[in-house]
Amino acid sequence: MKKSFISIISVIMLSMILSACALNSSSEKESNAPKGKTESVNVTSAQIQKYEATDLSALPEKTKARKDTFIAGISEPGGVFLPYFYENGWDGNATSPIFASLVNLDKDGKPVGILAEKWDVSDDQLTYTFHLRNGLKFSDGSPLTADDVAFTLTLLHDPAYAGYQDISLAAIKGGKEYKEGKAQSIEGIKVIDKVTIQITTEKVNAKSLILLGDQVLSKAYYGKGYQFGKLDYLKDLYAKPLGTGPYKFEKYVPGQEIRYVANENYYSGKPKTKNLIYKVIDTSTSLQLFETGELDYAGFSADDDTVEQLKSLGFADIQVGPVNNYGYIYVNNARPQFKDKEVRQALIYGLDRQKIVDVKFKGYGQVATIPVSPVSWAFNDEGINKYEFNAEEAKKLLDQAGWKVGKDGIREKDGKKFTISYLTRAADDPIIPIAKENYADIGIKFEPEIMDFNALVAKLNEKDYDFAAVSTSQILDPSDPIEEFATDNPNNISGYSNPKVDELIAKGLNTLDIEKRKEIYHQLYKEMSIDPPFILVNYSQSAKGISGQIRGLQPDNFTGIGASLPNISIKK
């Protein structure tokens, strides 16, 4: 995915419904959730708490009346239902049931074959050979072959393509030449036969498998009017999608719902539930809609009140646990007062992050220690400085960095007062009162600026900020949240630069061996702890409610409910 700034942060936690968009939850190794009738399921280093429905007779009448329809919520789709071309992340959620990929991620973030039965990687890790399943069909019954995969990858190299997918990261041999009009085809893409395609790349990249094995477009349907450098014709097809996913698009009613019907040509068989509806909702009403039976599935930021309210319904199966992101504070390393790593260390020591987490998540969160979620296979914070709250250590480091307390109690250096402007969207952001008090104690003036999302993003892109409250989006690969801190990354808006970090970021992508990557990222996290580019704040959790009559729904941290859709059934 092309990493525009907006795609890697989620200042506003838009919805708890479909986890393809950032959810306001992560995890801890042992859940602080209230104890009850639970079943613990390990998710790498984290745990999910499950509470089973206790009274199915309490199901709302609207829910009971549904015999062949599953309803989930979605926020603000834009109507561009074509992979690679939408700009609204909710369109990505809306598109997911319609289009299948060659390879996806399982519940632990490991690659698993979908349309691809298997794949081979050459010894030099540069050539990928995908073996498609036999008999694959698009939802209209037309065959899916290796030619469709080749067409999809070629389309992404077209000079007119300006979507989110940066296929150049995969470095397919000849891709650059095709994009520049110097070649009529892409040298590294070779169709061996109808079910086999070979793709040769020019550099090793651990994310190439997912980039190359993404959703497949029909050449007969989407390539019918294709001309090099001209992609406007595709706009006529945005609202008429054709794919190979478990469901077929049926109808979109703007502001109301998106309707789908089971795809009888899906490779693993027609889904068990005939109809799927994504209901367009205001997320502030999602709990009410779940209670009244308007939704079969909903998710929320976990806290005692929400979990207890869900349990009190009786008809809900509940999951409380991690989602794949973390919250942090951007620090503008280019500003003079933040250039010294000792100052940035002091700013972490001097902020009571545990208090922030306690206030914000009320027992359902923990202080973040490294820039990856605990659900990731790369999570390992052993031997890493946790920066437990220590005002005296913060004062010592500031003194050593030359920031001396002035007559008014505010530190200064070279005639400049130490003040911090903090950008946030939320007037009730718990960081504000805690940081004000903590930083005043160590001689720093903390001044919040509350603004809307677009204004905040503009300031960040212009690097016109000191601190800013952000959260990552869903982390599919441990490299995703830290690539922007490489010195030469065009999305580096923090001004951070560390040659050792640059080297480790590159090394983390230059091997496909997960065990080697684990060690590289552990080294990287240690270095980023010594020379921190940001202030890590929290891992949090979510609470997911599922109507008790629904079977087969297993939300996970990498595909949300997408992987479960073919298996959902309704208990009669």
Side-chain angles (χ1 to χ4, degrees), residues 1-8 82-87 101-103 111 116 119-130 145-192 196-219 222-223 225-234 476-477 479-480 482-492 502-503 505-512:
M1 178 178 291
K2 183 179 284 186
K3 285 204 162 185
S4 66
F5 171 73
I6 293 177
S7 75
I8 61 172
L82 179 59
Y84 312 115
F85 287 85
Y86 55 78
E87 296 180 357
S101 56
L102 297 181
V103 181
W119 59 89
D120 307 312
V121 184
S122 61
D123 290 341
D124 62 6
Q125 301 182 355
L126 292 175
T127 300
Y128 295 75
T129 304
F130 293 96
T145 71
D147 282 329
D148 297 296
V149 180
F151 165 73
T152 303
L153 294 172
T154 301
L155 193 70
L156 296 177
H157 283 85
D158 193 278
Y161 176 71
Y164 62 81
Q165 186 80 303
D166 188 356
I167 195 63
S168 68
L169 296 174
I172 299 175
K173 188 175 183 180
K176 184 172 181 288
E177 288 76 9
Y178 179 81
K179 186 167 187 174
E180 293 175 349
K182 297 176 181 177
Q184 294 185 342
S185 61
I186 300 175
E187 181 182 352
I189 299 175
K190 184 178 181 181
V191 173
I192 306 299
T196 313
I197 185 169
Q198 186 181 84
I199 304 166
T200 302
T201 67
E202 294 182 322
K203 67 178 182 181
V204 177
N205 187 320
K207 297 198 294 188
S208 288
L209 176 63
I210 298 301
L211 282 168
L212 300 175
D214 210 341
Q215 293 161 307
V216 181
L217 305 182
S218 165
K219 181 178 181 181
Y222 290 105
Y226 176 60
Q227 296 179 45
F228 181 79
K230 298 179 180 179
L231 299 182
D232 282 349
Y233 76 97
L234 289 171
L476 299 182
D477 186 273
S479 181
D480 291 344
I482 49 88
E483 286 177 21
E484 63 164 307
F485 295 101
T487 303
D488 61 356
N489 190 296
N491 295 311
N492 186 339
D502 293 345
E503 178 186 351
I505 288 174
K507 285 180 67 176
L509 287 172
N510 288 341
T511 177
L512 308 186

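In this structure, CG on L217 lies 11.0 Å from OG1 on T154, to the nearest 0.5 angstrom. Here the straight-line distance linking atom CG of D120 with atom CD of Q198 works out to 9.5 Å at 0.5 Å rounding. If you take CG on L512 and CG on L209, they are separated by 8.0 Å, rounding to the nearest 0.5 Å. Atom OG1 of T129 is separated from atom CD1 of I199 by 8.5 Å, given to the nearest 0.5 angstrom. Rounded to the nearest 0.5 angstrom, N492 CG and F485 CZ are separated by 7.5 Å. In this structure, NZ in K190 is found 12.5 Å from OG in S185, a value given to the nearest 0.5 Å.
Not one N or O on the side chain of T127 forms a donor-acceptor pair closer than 3.5 Å with the backbone of S122. Of the possible polar contacts, none joining the N489 side chain to the A486 backbone as a donor-acceptor pair under 3.5 Å is found. Proximity of a side-chain donor or acceptor of N205 to a complementary backbone N or O of A170 within less than 3.5 Å is not detected. Using a distance-only test at 3.5 Å, with no hydrogens or angles considered, a donor-acceptor pair links the side chain of D148 to the main chain of K219.
Smallest separation of non-hydrogen atoms from D477 and L509: OD1-CD2, 4.5 Å. Taking each heavy atom of E202 and L126 in turn, the nearest pair found is C-CD2, 3.9 Å. Summarising the geometry of V191 relative to A150, their closest heavy-atom pair is CG2-CB, 3.9 Å, with the distance given to 0.1 Å. The two residues K203 and A171 come nearest to each other via the heavy atoms CG-CB, 3.7 Å. The heavy-atom pair separating N510 from Q125 by the smallest distance is O-OE1, 4.4 Å. Counting all heavy atoms, side chain and backbone alike, Q215 lies closest to T152 at O-CG2, 3.6 Å.
The aromatic ring centroids of Y84 and Y161 lie 6.0 Å or more from each other.
At a threshold of 4.5 Å between non-hydrogen side-chain atoms, the residues I482 and I505 count as touching.
Applying the salt bridge (charged side-chain N to carboxylate O under 4.0 Å, His left out) test to every pair with at least one member in residues 169-181, sequence neighbours left out, gives these pairs: K173-E187, K176-E180, E180-K182.
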Audit row: L155, L234, side chain to side chain contact (heavy atoms under 4.5 Å, CB included) steps and yes/no: CA-CA 11 Å; L155 193 70; L234 289 171; 4.1 Å; yes

Let me see the working for L169 and L211 under side chain to side chain contact (heavy atoms under 4.5 Å, CB included), right down to the final yes or no. CA-CA 8 Å; L169 296 174; L211 282 168; 3.8 Å; yes

With side chain to side chain contact (heavy atoms under 4.5 Å, CB included) as the test, would you mind laying out the steps for I172 and T200 before giving the verdict? CA-CA 6 Å; I172 299 175; T200 302; over 6 Å; no

Step by step, work out the side chain to side chain contact (heavy atoms under 4.5 Å, CB included) result for D166 and L156. CA-CA 8 Å; D166 188 356; L156 296 177; over 6 Å; no

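Residues passing the ring-ring contact (aromatic ring centres under 6.0 Å, His included) test with Y178 are F228, sequence neighbours excluded.
With W119 as the fixed residue, the side chain to side chain contact (heavy atoms under 4.5 Å, CB included) test singles out one of I197, L212, V103: V103.
Counting only N and O atoms by type, the side chains of S101 and D214 include no donor and acceptor under 3.5 Å apart.
Using a 30° and 60° split on the angle between ring planes, Y226 and F151 fall in the perpendicular class, above 60°.
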